[in-house]
Amino acid sequence: MEEVRVRFAPSPTGYLHIGGLRTALYNYLFARHNGGKFILRIEDTDRTRYVEGAIENLIESLQWAGIEYDEGVFLEDGKIVQKGPYGPYIQSERLDIYRKYVDELVKKGDAYYCFCSKERLDKVREEQKIKGLIPKYDGFCRSLSLEEAKQRIANGEEYVVRLKLPHNKDIKFHDMVRGDIVINTEDLDDQVLLKSDGYPTYHMAVVIDDHLMNITHIVRGEEWLPSTPKHVYLYEVFGWEKPTYVHLPTVLNKDRKKLSKRHGDVSVDDFKAKGYLPEGLVNYLALVGWSPESNEEIFDMEGLIKEFSFERVSKTGGIFDKDKLDWVNAHHIREYDLDKLTRLAIPYLIEAGYIDEKFAKEYFDWLKVMVDTVREGISTVSEVVDKVDIFFKDQIQLEGDEALEVLKQEQVPLLLEAIKEELASIEEIDEEYAKGFMKNIQKKTGIKGKKLFMPVRVALTGNTHGPELVNIIYLLGKQNILNRIEYVEKYYLKD
RNA sequence: GGCCCCAUGGUCAAGCGGUUAAGACACCGCCCUUUCACGGCGGUAACCCGGGUUCGAGUCCCGGUGGGGUCACCA
């Protein structure tokens, strides 16, 4: 069997979209699963939509997500470089190639020069719409003779090249997830292949490049399905072997519409900034539109590669469910390497004003314990910030009546006394000592269970909920605990 | 509007002619945890409608309805 070669071919028009990331991911998984090659090609044939820095961002996003490719466009020391035997991989650098094939098409009579102005085209479309017709090129230049066309070009007239589609011809192709699809050329337009600025349109460039780069499977969003017959027809006209098509279901928002910026966060950067782990995002995204045979939900990249297949890709568009993403991400956070997780959390802690660079360096081990104790209750890295205020605030703040109730319990004064007494006997709390701390208090007071833990928790944190108390005691340290007890005694136990 | 695609709980989804119609998220209980989480157990909840085909249809066919996509010198 021939080697699998797939590609992800985004346009540098902005940031990498979550839907785009999933397309890239499926390409990647398929390539790796089959021991094939994955290529990153840049489709920048629309000069008006080009965004500075978009290529760099695209590459960085893929890299962040852990999606690696073998050929195409890379970033080295901040510079865009290209690698691979089929370059260039940036379409704007392949203009002469497209030109050659366009000329071939014209020569063979499968394409023609068109001199219609934008204004005329708009007018035609407008009239068609009013008449209730399908907006479509009316074929005005279709029968122009080649000599006349050449003459007009020589005269300096602007022109485009259009595909000369045969009338009433069924174009058939097979899609790995949709099955057989037939579309009649009457429902298609004489698509522009070469624009007046000399750049090819997507439809031309994609066919040429996929063929020249030996792409075996075209894996892309289903929004491309209606224009696929144009591409198929081009393959037929050129006499090239067709690739296998795989059109992926759409990732939708809650309104069942295509994910868009208007409906919240859609760029990979947004999710990264919010503290989602690449492992979590990728894991979740893989599950929107695909399901493993094993029925499992938590995967690392290796697991996905092992299980992935297009046979199990669904036809139905899937809504991007943030709740489930959070759940998946939480799983990965709990199992993440603690050093790595702590490093990821530090920027959020600095931003929140809890620590600075110096502190992060000096007390890294302490931070590790802290991150480790709060990781159980969070679903994004940024949420550490919400959980650690208890370690940095000077005074506690009671959260709700429930917390106050706890402090009003009769055993509380005795408990606090016991803690002070216990702490008086030591210099500082180490991890080992912290483990036995509550037991010591229990022995001293004879109080146990909720009656013991809850008041201590509230006195130290102000909250009835929170991370493991033993860790809180260690993290706080002797002086902080004493301060908080004093505060509680002063303000909550007076009456 | 033409064309194309799609249709199982609120969401992601198994299912591929015969099942009590899996599982997961979310939600609600209970248990575990000397506290809090994690976790475990259980519960509520679905085959869009109508015709066929068949002994038998969520599964196959046709029609309808609904949703989405697409109709550019954008990709």
Side-chain angles (χ1 to χ4, degrees), chain A residues 9-13 43-46 48-49 114 116-118 121-122 125 129 132-137 158-162 175 177-179 181-184 186-189 191-203 205-206 220-229 247 249-250 252 254 256-258 284 287-298 312 314-328 330-331 334 373-378 387 438-439 442 447-458 461 463-472:
Chain A
S11 291
T13 55
E43 311 219 325
D44 61 340
T45 55
D46 185 355
T48 63
R49 294 207 307 162
C114 171
C116 295
S117 67
K118 184 114 182 71
L121 260 19
D122 287 343
R125 257 193 291 276
K129 267 188 187 163
L133 297 169
I134 325 145
K136 206 176 147 181
Y137 181 59
E158 268 206 352
Y159 67 94
V160 302
V161 175
R162 283 180 188 274
D175 185 281
V177 345
R178 321 257 147 198
I181 291 167
V182 184
I183 295 178
N184 192 281
E186 291 307 300
D187 298 316
L188 262 24
D189 213 344
Q191 185 66 51
V192 169
L193 262 20
L194 189 73
K195 301 185 254 186
S196 58
D197 62 3
Y199 280 66
T201 58
Y202 170 80
H203 305 286
V206 77
R220 61 194 356 173
E222 73 173 325
E223 66 269 22
W224 291 111
L225 209 48
S227 52
T228 302
H247 286 96
T250 318
L252 309 159
K254 293 155 226 52
R256 290 223 152 265
K257 296 267 159 55
K258 251 167 98 172
Y284 171 68
L287 262 19
V288 183
W290 170 81
S291 67
E293 206 170 350
S294 67
N295 211 7
E296 277 165 36
E297 309 268 354
I298 301 301
R312 298 193 65 84
S314 87
K315 302 173 199 229
T316 335
I319 292 174
F320 188 88
D321 181 359
K322 193 187 157 293
D323 282 339
K324 187 144 182 180
L325 199 217
D326 284 350
W327 176 79
V328 170
H331 258 271
R334 266 178 257 126
T373 85
V374 300
R375 86 209 282 194
E376 297 280 302
I378 60 174
K387 300 282 176 182
M438 291 306 282
K439 213 154 242 160
Q442 185 189 325
I447 302 166
K448 60 178 177 176
K450 262 192 159 69
K451 292 232 173 260
L452 168 66
F453 274 69
M454 270 316 208
V456 177
R457 173 180 292 284
V458 173
T461 70
N463 210 313
T464 53
H465 298 270
E468 174 62 41
L469 192 51
V470 168
N471 293 339
I472 291 175

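In what follows, chains are A, B, ... by sequence order, proteins preceding strands, each numbered from 1.
Taking the C1' atom of each, B/G63 and B/U53 are spaced 15 Å apart, rounded to whole Å. Look at the P atom in both B/A22 and B/U44: the space between them is 11 Å, to the nearest Å. B/A21 and B/C32 are spaced 34 Å apart, taking the P atom of each and rounding to whole Å. Comparing the P positions of B/C28 and B/C47 gives an interatomic distance of 24 Å, to the nearest angstrom. The gap from the P atom of B/C61 to that of B/C5 amounts to 13 Å, rounded to the nearest Å. Atom C1' of B/G1 sits at a distance of 33 Å from the matching atom of B/U11, rounded to the whole Å. Between B/C36 and B/G18, the distance separating the two C1' atoms is 50 Å to the nearest Å. With both ends at atom C1', the span from B/G39 to B/A24 equals 16 Å, rounded to whole Å.
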Check the pair A/Glu222 / A/Thr250 against side chain to side chain donor-acceptor pair (under 3.5 Å), numbers first and verdict last.
CA-CA 7 Å; A/Glu222 73 173 325; A/Thr250 318; 2.9 Å; yes
Residues A/Thr373, A/Lys387; criterion side-chain contact (heavy atoms from CB on, under 4.5 Å); working and verdict:
CA-CA 10 Å; A/Thr373 85; A/Lys387 300 282 176 182; over 6 Å; no
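Distance from the side chain of A/Pro226 is smallest to B/G69 among B/U34, B/C6, B/G69. Closest approach to the A/His331 side chain among B/U34, B/G23, B/G39 is made by B/G39 (side chain taken as heavy atoms from C-beta onward). Listed nucleotides: B/U35, B/G1, B/G23. Nearest to the side chain of A/Phe453: B/U35. Of the candidates B/G69, B/U35, B/C25, the closest approach to any side-chain atom of A/Leu469 belongs to B/U35. Closest to the A/Ile134 side chain, of the nucleotides B/C71, B/C25, B/C12, is B/C71.
The shortest distance between the side-chain N/O atoms of A/Lys315 and the OP1/OP2 oxygens of B/C6 is below 4.0 Å. Between B/C71 and A/Lys129, no contact under 4.0 Å exists linking OP1 or OP2 to a side-chain N or O. Residue A/His465 places at least one side-chain N or O under 4.0 Å from the OP1 or OP2 atom of B/A37. Residue A/Ser291 places at least one side-chain N or O closer than 4.0 Å to OP1 or OP2 of B/A14. The side chain of A/Arg334 contributes an N or O atom lying less than 4.0 Å from OP1 or OP2 of B/G39. Residue A/Lys257 places at least one side-chain N or O closer than 4.0 Å to OP1 or OP2 of B/G68.
Heavy atoms of A/Leu225 sit under 4.0 angstrom from primed sugar atoms or phosphate atoms, though from no base atom. Residue A/Leu452 is classed as a base contact, given a heavy-atom separation below 4.0 Å to a base. Among the heavy atoms of the strands lying under 4.0 Å from A/Lys450 are primed sugar atoms or P, OP1, OP2 only; no base atom is included. If you check every strand for non-hydrogen atoms under 4.0 Å, A/Ser314 touches sugar and phosphate atoms only. Backbone-only engagement by A/Arg312 is indicated by non-hydrogen atom pairs under 4.0 Å involving sugar-phosphate atoms exclusively. Residue A/Gly289 is classed as a sugar-phosphate contact, given heavy-atom separations below 4.0 Å to backbone atoms only. Heavy atoms of A/Gly377 sit under 4.0 angstrom from primed sugar atoms or phosphate atoms, though from no base atom.
A donor-acceptor pair under 3.5 Å links the side-chain atoms of A/Arg312 to the main chain of A/Ser291, judged by distance alone. Checking side-chain atoms of A/Asp189 against main-chain N and O of A/Tyr137 turns up a donor-acceptor pair under 3.5 Å. Side chain of A/Arg49 to backbone of A/Asp44: no donor-acceptor contact under 3.5 angstrom is found. The backbone N or O of A/Val160 lies less than 3.5 Å from no partner atom in the side chain of A/Ser196, so there is not a single donor-acceptor pair.
The distance from atom CZ of A/Arg457 to atom P of B/U33 is 16 Å, rounded to the nearest whole Å. Rounded to whole angstrom, the span from the CG atom of A/Asp321 across to the P atom of B/C27 amounts to 11 Å. Per the geometry, CD1 belonging to A/Ile319 stands 14 Å off P belonging to B/G67, to the nearest Å. For A/Leu252 and B/A7, the CG to C1' distance is 13 Å, given to the nearest whole Å. Atom pair A/Glu222:CD and B/G67:C1' shows a separation of 11 Å (rounding to whole Å applied). Note: CG (A/Leu287) to P (B/A26) measures 14 Å, nearest angstrom. In this structure, CD1 of A/Ile447 is placed 15 Å from P of B/U35, rounded to the nearest angstrom. Atom pair A/Lys254:NZ and B/C25:C1' shows a separation of 14 Å (rounding to whole Å applied).
Residues A/Thr464 and A/Ile183 both approach RNA chain B. Their nearest nucleotides, taken by heavy-atom distance, put A/Ile183 toward the 5′ side.
Checking B/U70 for Watson-Crick or G-U wobble geometry (two distances, each under 3.5 Å) identifies B/G2 as its partner. B/C41 and B/G29 make up a base pair, with Watson-Crick or G-U wobble contacts both under 3.5 Å.
Other residues, nucleotides and ligands place no more than 12 heavy atoms under 6.0 Å from the CD atom of A/Glu158.
Ring geometry for A/Tyr284 against A/Phe320 counts as perpendicular: the plane angle is over 60°, on a 0 to 90° scale with 30° as the lower cut.
Nearest heavy atom pair, residue A/Gly289 against residue A/Pro249, reads CA-CG, 4.2 Å.
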Close N or O pairs between protein and nucleotides 73-75 of chain B (under 3.5 Å):
residue : atom : partner  : partner atom : Å
B/C73   : O2   : A/Ser196 : N            : 2.8
B/C73   : O2   : A/Ser196 : OG           : 2.7
B/C73   : N3   : A/Ser196 : OG           : 3.1
B/C73   : N4   : A/Cys116 : O            : 3.4
B/C74   : OP2  : A/Lys195 : NZ           : 3.0
B/C74   : O2'  : A/Asp46  : OD2          : 3.0
B/C74   : O2'  : A/Arg49  : NE           : 3.2
B/C74   : O2'  : A/Arg49  : NH2          : 3.1
B/A75   : OP1  : A/Thr45  : OG1          : 2.9
B/A75   : OP1  : A/Lys195 : NZ           : 2.6
B/A75   : OP2  : A/Tyr202 : N            : 3.3
B/A75   : O4'  : A/Arg49  : NH2          : 3.4
B/A75   : O3'  : A/Ser11  : OG           : 2.9
B/A75   : O3'  : A/Glu43  : OE1          : 3.2
B/A75   : O2'  : A/Ser11  : OG           : 2.7

